[in-house]
There are 2 protein chains.
Amino acid sequence: MRESQAAEARPYHHGDLRRALIDAASRVLESEGPSALSLRAVAREAGVSPAAPYHHFKDKTELLEAVAHEGWTLLDAALAAAKAKAPSAAEAMNELGVAYVCFARENPALYRVMYDTARDREDLPDEMQGDKDSAYCKVRDTLVDAGADPTEALDIELATTAAWCSAHGLAEMAGFKQFQHLKDACGGERAFFKAVFQHMGLVPKHLAD
Amino acid sequence: MRESQAAEARPYHHGDLRRALIDAASRVLESEGPSALSLRAVAREAGVSPAAPYHHFKDKTELLEAVAHEGWTLLDAALAAAKAKAPSAAEAMNELGVAYVCFARENPALYRVMYDTARDREDLPDEMQGDKDSAYCKVRDTLVDAGADPTEALDIELATTAAWCSAHGLAEMAGFKQFQHLKDACGGERAFFKAVFQHMGLVPKHLAD
DNA sequence: AAAGATATCTTGACGACGTTCAGATCAATG
DNA sequence: CATTGATCTGAACGTCGTCAAGATATCTTT
């Protein structure tokens, strides 16, 4: 779970190049976009030679996966915060959805790396669906709290999947120009997200506010 | 002179290299995947020099957009066929959704190119939302036929957007390994898609079968 | 039919990329 | 203090996107 954090686990040559490379990659990603995220650019940003990363990552892919890992952790934190501040379970589902899409909108390049690597492996990372308090379980538990029948196991899994897919779909499309007039009509982006979620089966309709 | 296919609009040097390049790109995409789709590989597949494509496309991006255009046309046809064979308007929404996701599953590389180019431009292509019988309008009309109030213009737009985003989200996630056990539990992939759609707000619940 | 204009394609080159490998450098161990 | 092994550099290879210059085929004009 917890990788090296402070500069004491890896008192190596550079200090902690692995960490430095991930940070450099995030910096390049944010300032130059996903298309500029080359291994050489990351090495340049970190101040090392183009071959240096290969002592910490097998591949460019492996570096991207580390960056994505960082992203899933951030997303998880954002969802946890959203769930914590929701007044009711029914509203928590909407809050989760809005927080999810907002995260994607605020970190578009990172979000893209997260799902690009996932699709390449046809596999979602463990942070999302692995242990007890993964993001997936967070959504599922919220659904149960909102009134879903906990004895209908398959149904709950399907509803959780539906919610996740819906949020992901909106997250990927939210940036398209075509939706600008809808955002305006709704009175802002967040309001637009909320409105779209109202039309998705996120939570049983009679529970929605 | 040998004619490759029904092309009289461009009796040029090669016959119709533009068309040949798009076809070659589709072939490469299908057999080698999106990561192998380089301009040079396409030119190789078409039997021309690496610089030849630049007389028909400004960019690699422009070639990819042409390939994507092809994809949107195919998707549109698939949706039209699904809508045509649906017995009722309410079922038509489910049929549309399933057809959409099945298309993405059967042409994963193409589907990825379609949305990658769209996201790069932050713009969906005209084929999807442009004129009267675009795919977007097809979904919206189906919604109205299924009982949505046609006087609530904003609501209908939002519902259409919600449906599209939901379908796209499921289409992108459908390949993930995590969902295999759900597909098995539902008795196949199509059944899984239908079941997930049941949990999305695709169509007013009282109308769903 | 000849000739000039124009569109198409090839050749060759440039810089950037991912990756590898031999060698240099530095931290820790015995 | 010498050895070892991990860490980093430098140079190289093949591939990529792209461009400029030249060759070649088609179209137009006479």
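Atom set for the values below is all heavy atoms of this structure, side chains included, hydrogens, waters and symmetry mates excluded. Numbers restart at 1 for each chain; the letters A, B, ... are given by sequence-line order, proteins then strands.
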With a cut-off of 6.0 Å (strictly less than), are more than 12 heavy atoms of other residues, nucleotides or ligands near CD of B/Glu62?
yes

A/Leu17 CG to C/dA27 C1', straight-line distance once rounded to whole Å
16 Å

Other residues, nucleotides and ligands only: do more than 12 of their heavy atoms fall within 6.0 Å of NZ on B/Lys177?
yes

Upstream residue (5' side of DNA chain C) when A/Ala51 and A/Ala36 are each assigned their closest nucleotide
A/Ala36

Quick one: pull up CD in A/Glu70 and CG in A/Leu74 and give me the separation to the nearest 0.5 Å.
6.5 Å

Can you identify which nucleotide, out of D/dT18, C/dT10, C/dC17, has its nearest atom closest to the A/Ser38 side chain?
C/dC17

Keeping the roles fixed (side chain from B/Gln178, backbone from A/Leu124), state whether a donor-acceptor pair exists under 3.5 Å.
yes

Distance in angstrom units between B/Arg40 CZ and C/dT11 C1', rounded
12 Å

Can you tell which of D/dT9, C/dT19, C/dC9 lies closest to the side chain of A/Val48?
D/dT9

Just the rounded figure in Å: distance from C1' of D/dC16 to CG of B/Leu37.
13 Å

Without decimals, in angstroms, what is the distance between B/Asp59 CG and D/dC16 P?
17 Å

Of all the choices, C/dC17, D/dT18, D/dC8, which nucleotide is nearest to the side chain of A/Arg44 once you look at every atom?
C/dC17

Quick check for you: among C/dT10, D/dG17, D/dT9, whose closest atom lies nearest to any side-chain atom of B/Leu39?
D/dG17

Separation of C/dT8 P from B/Asp16 CG (nearest whole Å):
10 Å

D/dT9, C/dT10, C/dG18: which one has an atom nearest the side-chain heavy atoms of A/Lys60?
C/dG18

Side chains of B/Asn94 and B/Gln198 in contact at under 4.5 Å (non-hydrogen atoms):
yes

Between A/His56 and D/dC8, is there a contact of a side-chain N or O with OP1 or OP2 at under 4.0 Å?
yes

Shortest side-chain distance from B/Tyr54, nucleotide among C/dT20, C/dT10, D/dC19
D/dC19

Take atom NE2 of A/His55 and atom P of C/dA22, then tell me their distance rounded to the nearest Å.
13 Å

Rounded to whole Å, the CZ-C1' distance (B/Phe57 to D/dG17) equals 15 Å

Gap between atoms CG and C1', on B/Leu21 and C/dC9 respectively (whole Å):
12 Å

